[in-house]
Amino acid sequence: MHIVVSAEGSGIGLRPMSDAGAPAGEQRVVEASALAREAAAEEAALARWTWDDTNNWYPALLAQGVRVDRAHDLRLAHAVLRASVLSARTALAEAGPTAWDRLAPVPPPGGPTATALTRPDRHPGSEPLFDLGEISAPARADRPAGDHRGNGRANGGAREQGDGRAPVEGRGPSPDNHLDPAAELTAQLRTIKDSTEPGRLRLLLAAESAGALAAAEMHHAGLPWRGDIHDEILTEALGPRPRPGARPAKLEDLANRIRDTIDAPPTLNPDSHPDLLRAMEYAGVGARSLRKWELEKLDHPVIAPLLEYKGLYRLYTANGWNWLDTWAPDGRFRMEYVVGGVVTGRWASTGGGALQLPHNVRRAVTADPGWTFVVADAAQLEPRVLAALARDERMATAGRSKDGASTDMYAGIVAAGVVDSREHAKLGMLGAMYGGTTGVSAQVLPRLARAFPHAIDLVERAARAGERGEKVTTRLGRSSPLPGDSWAAVQGSAFDEDAGADVQSRARSQTRSWGRFTRNFVVQGTAAEWALCWIASIRRRLWALGELSSESPQGLAPAPFDRRPHLVFFLHDEVVVHAPAALAEAVAQEVRAAADEAGRLLFGDFPVDFPLSVAVTESYADAKD
DNA sequence: TGTACGATCGTA
DNA sequence: CTCTTACGATCGTACA
């Protein structure tokens with residue numbers, strides 16, 4: 001049963017619909033303020049909440065302490081169904097683009113007040129509603145998978161700003177959109193039914209929507225962040241917080257050492273790369289760029305202080321006091337995930353750099369008193385996914401633990417006598433999945449191909465399909481975009497009679513580049529599907545663990561998670577659960593069970609393991625990665 | 001004063 | 001063969 005949510009004047013329409021997409025009762029219109037009460041009702045809890053965009057509605061429910069169990073995010077589902085080859089011969093895919101194709105993700109509510117200053121919203125009237133072609137065709141051929149996300153801030157309506165609180169009312173679609181969610185749901189369910197693999201698509205859309213719920217919940221709960229510890233880390237590394245406009249003491253010292261070493265004037269600003277490079281050239285350092293790996297090859301007294309300067313400068317500018325004030329001012333870092341923000345189906349993030357949280361500040365991520373973290377990450381997720389995708393039993397066997405032996409797949413590949421060292425196994429597999437053609441990975445590839453012919457053949461076929469300009473598709477049915485028009489133009493011009501060598505070589509390079517993209521797409525995309533199923537299962541299992549009794553430590557998490565373990569962080573193949581200490585072991589068990597469940601959902605009985613490394617710890621930094 | 005872009009580096 | 005994937009954030013510089 002679905003409950004389709006829509007804005008109806010000043011109220012909210014709730015329309016029951018069957019799982020076949022037929023009306024299952026009259027639409028009721030309720031006051032916006034009554035939505036949370038409706039959602040909390042027992043029968044509603046079992047329904048699938050269906051809405052244009054999860055971030056349009058769910059934050060208001062969470063703000064009232066109400067969780068929903070299941071959802072169907074029409075925007076996310078539409079994007080998948082439009083692109084998937086599994087639904088290519090359906091009315092929805094064959095029809096022209098609709099308003100649903102133009103929807104950009106709605107950003108989560110609240111956020112730092114600085115948001116409006118540092119991240120300019122588009123003017124509502126001048127929205128660059130991105131070209132529809134871009135959804136399936138990146139504009140820039142030299143950057144295969146970039147550039148076709150919608151603008152994360154172009155949400156068709158003004159973003160709430162100011163005090164950072166979520167509005168109680170849901171924000172419906174803006175008036176210039178003409179979206180009929182009930183009709184769209186009917187069309188989507190029909191499309192799934194008409195597809196070549198309804199089961200896979202149904203699972204993918206359920207997982208994608210569950211991901212949207214989880215992302216909203218993580219934003220709502222926030223990642224526990226000890227500002228005092230963060231400040232300690234910064235002070236220890238950089239010296240006390242400087243006055244605005246000044247360099248921290250340690251950076252100033254290093255800047256002086258750099259100037260002294262190369263006899264540069266005190267006016268030399270080490271932050272200006274052209275100036276610094278010129279001064280270094282004058283001193284005969286011999287550096288061609290300021291890349292770390294290139295500097296490391298040089299032998300000159302300026303290198304050491306320069307590398308240290310760069311490292312500290314990075315900490316100061318990217319995750320320093322300004323970051324702390326902006327993104328975690330009140331003991332929680334509320335990251336903004338963009339579900340489906342990456343073409344492969346991985347999540348992106350915007351604001352605060354949630355997916356780039358450097359290891360050296362993770363010590364600030366500390367559980368509330370009486371609570372703890374359960375940190376879990378999937379070991380060698382992508383090669384395991386590849387083994388299962390290709391149904392390569394020998395490769396799956398290499399990753400399966402026997403009699404408590406290592407669960408490390410790379411070690412298993414060594415043990416199977418395929419390659420000499422773990423490092424070779426790792427580099428070889430990465431090369432196979434990324435399309436590496438040089439160095440160790442290329443040397444080892446033939447051995448892998450002999451040992452695991454099915455797996456290597458799968459990625460090779462994906463690469464060749466991409467080189468032909470075809471789509472490739474993940475296990476559950478997410479299809480890659482097609483290369484853009486400029487791609488085809490370059491390919492075509494390379495066949496001209498008078499095509500120069502440069503044109504031909506550019507076409508060849510571009511072809512291979514797209515092949516590497518599609519090669520990686522099937523593996524990264526399927527791994528992302530496994531991860532979506534994993535978190536979907538985790539959040540359901542955590543809720544099922546129930547509530548602590550009222551004497552137990554309540555923690556500082558907001559309702560409805562104040563007495564319950566809840567997800568607070570997700571990073572591609574890793575999750576962090578914030579849990580009452582007494583429940584840590586139970587949580588760890590559920591997280592492992594969820595990984596097994598995800599494996600079965602994607603690959604059925606195929607004998608592949610997805611072992612986790614799980615740590616129970618007060619501080620995120622103590623979970624070794 | 002505001003916008004675009006390259007270089008760089010953080011994450012998986 | 002600038003030929004290992006996918007991202008986001010920040011800086012300074014160039015330019016309008």
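Side-chain atoms are counted along with the backbone in the values below, which use heavy atoms only and exclude waters and symmetry mates. Just so it is clear: chains get the letters A, B, ... in the order the sequence lines come, proteins before strands, and each one is counted from 1.
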J.: Counting side-chain heavy atoms from CB outward, which of B:dG10, C:dG12, C:dT5 is closest to A:Arg516?
T.: C:dT5

J.: Counting the atoms with a prime plus P, OP1 and OP2 as sugar-phosphate, which does A:Phe521 contact under 4.0 Å by heavy atoms, base, sugar-phosphate, or nothing?
T.: nothing

J.: Can A:Tyr434 be classed as stacking with the base of C:dT5, given a centroid separation cut-off of 5.5 Å and a plane angle cut-off of 30°?
T.: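 Stacked: ring centres under 5.5 Å, planes under 30°.
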
J.: Look at the side chain of A:Val342 and decide which nucleotide, out of C:dC3, C:dC7, B:dG10, has an atom nearest to it.
T.: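 Taking heavy atoms from C-beta onward, the closest nucleotide is C:dC7.
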
J.: Does C:dT10 have OP1 or OP2 under 4.0 Å away from a side-chain N or O of A:His273?
T.: no

J.: Counting heavy atoms from C-beta on, name the nucleotide in C:dA6, B:dT11, C:dA9 closest to the side chain of A:Arg314.
T.: C:dA9

J.: For A:Arg592 and A:Val614, run side chain to side chain contact (heavy atoms under 4.5 Å, CB included): C-alpha distance rounded to whole Å, both residues' side-chain angles, the deciding distance at 0.1 Å, then the answer.
T.: CA-CA 8 Å; A:Arg592 289 186 196 281; A:Val614 182; 3.5 Å; yes

J.: Which of these nucleotides, B:dC9, C:dG12, C:dT5, is closest to any side-chain atom of A:Asp271?
T.: C:dG12

J.: Can you identify which nucleotide, out of C:dA9, C:dC7, C:dT5, has its nearest atom closest to the A:Thr350 side chain?
T.: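 Given the options C:dA9, C:dC7, C:dT5, the side chain of A:Thr350 is closest to C:dA9.
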
J.: Any Lys/Arg nitrogen of A:Glu460 or A:Arg519 sitting under 4.0 Å from an Asp/Glu carboxylate oxygen of the other?
T.: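 The answer is yes: the pair qualifies as a salt bridge.
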
J.: As a test of reading the structure: which of C:dT5, C:dT4, B:dA12 is closest to the side chain of A:Thr437, going by heavy atoms?
T.: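 So the side chain of A:Thr437 is nearest to C:dT4.
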
J.: Please report, rounded to the nearest Å, how far the P atom of B:dA7 is from the CG atom of A:Leu276.
T.: 16 Å

J.: Between A:Arg461 and A:Asp457, is there a salt bridge with N-O shorter than 4.0 Å?
T.: yes

J.: By the 4.0 Å heavy-atom rule, please label A:Ser289 as base, sugar-phosphate, or nothing.
T.: sugar-phosphate

J.: Please classify the nucleic acid contact of A:Arg291 as base, sugar-phosphate, or nothing, using heavy-atom distances under 4.0 Å.
T.: sugar-phosphate

J.: Nearest whole angstrom, please: distance from the C1' of B:dT11 to the CZ of A:Phe333.
T.: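 To the nearest whole Å, that distance equals 12 Å.
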
J.: Taking only the side-chain nitrogens and oxygens of A:Thr438, find out if one of them lies under 4.0 Å from OP1 or OP2 of C:dT4.
T.: yes

J.: Salt bridge or not for A:Asp325 and A:Arg241, using N-O below 4.0 Å?
T.: yes

J.: Does A:Arg346 make a side-chain donor-acceptor contact with the base of B:dA12, cut-off 3.5 Å?
T.: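 For A:Arg346, whose side chain was compared with the base of B:dA12, there is a donor-acceptor pair (under 3.5 Å).
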
J.: For the pair made of CG in A:Leu277 and P in C:dG12, what is the distance, rounded to whole Å?
T.: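 Those two atoms, CG and P, are 16 Å apart.
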
J.: Could you measure between the two P atoms, the one in B:dA7 and the one in C:dC3, and give it in whole Å?
T.: 14 Å

J.: What is the separation between atom CH2 on A:Trp293 and atom C1' on C:dT4, rounded to the nearest whole Å?
T.: 14 Å

J.: Looking at A:Glu467, A:Gln491, A:Arg506, which one forms a side chain to side chain donor-acceptor pair (under 3.5 Å) with A:Thr511?
T.: A:Gln491

J.: How many Å lie between CG on A:Leu290 and P on C:dC11, as a whole number?
T.: 17 Å

J.: Ignoring backbone atoms, test whether A:Lys310 places a side-chain nitrogen or oxygen under 4.0 Å from the OP1 or OP2 oxygen of B:dC9.
T.: yes

J.: In whole angstrom, give the distance that lies between atom CZ of A:Arg506 and atom P of C:dC1.
T.: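 Rounding to the nearest Å, CZ of A:Arg506 and P of C:dC1 are 17 Å apart.
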
J.: Apply ring pair (Phe, Tyr, Trp, His ring centres under 6.0 Å) to A:Phe333 and A:Trp323, showing your working.
T.: CA-CA 10 Å; A:Phe333 170 30; A:Trp323 183 95; 4.9 Å; yes

J.: For a quick check of understanding: with a heavy-atom distance under 4.0 Å over all strands, which category does A:Thr317 fall into, base, sugar-phosphate or nothing?
T.: sugar-phosphate

J.: Before accepting this row, confirm whether a basic side-chain N of the pair A:Glu208/A:Arg478 lies closer than 4.0 Å to the acidic partner's carboxylate O.
T.: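 Salt bridge flag = yes for A:Arg478 with A:Glu208.
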
J.: Just how far, in rounded Å, is P of C:dG12 from CZ of A:Arg278?
T.: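 That distance rounds to 16 Å.
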
J.: How close or far is atom P of B:dA12 from atom CG of A:Asp377, stated in whole angstroms?
T.: 9 Å

J.: Need one value for A:Leu381: base, sugar-phosphate or nothing, where a base atom within 4.0 Å counts as base even if backbone is also close, heavy atoms only.
T.: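 Nothing, no nucleic acid heavy atom in range.
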
J.: Quick one: which of C:dC3, C:dG8, C:dC11 gets closest to the side chain of A:Ser349?
T.: C:dG8

J.: I'd like the C1' distance from C:dT4 over to B:dC5, given in whole Å.
T.: 25 Å

J.: Given C:dT5, C:dC11, B:dT8, which nucleotide is nearest the side-chain atoms of A:Phe517?
T.: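 When the side chain of A:Phe517 is considered, C:dT5 is the closest of C:dT5, C:dC11, B:dT8.
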
J.: In terms of side-chain heavy atoms of A:Lys292, which of C:dT4, B:dG10, C:dA6 is nearest?
T.: B:dG10

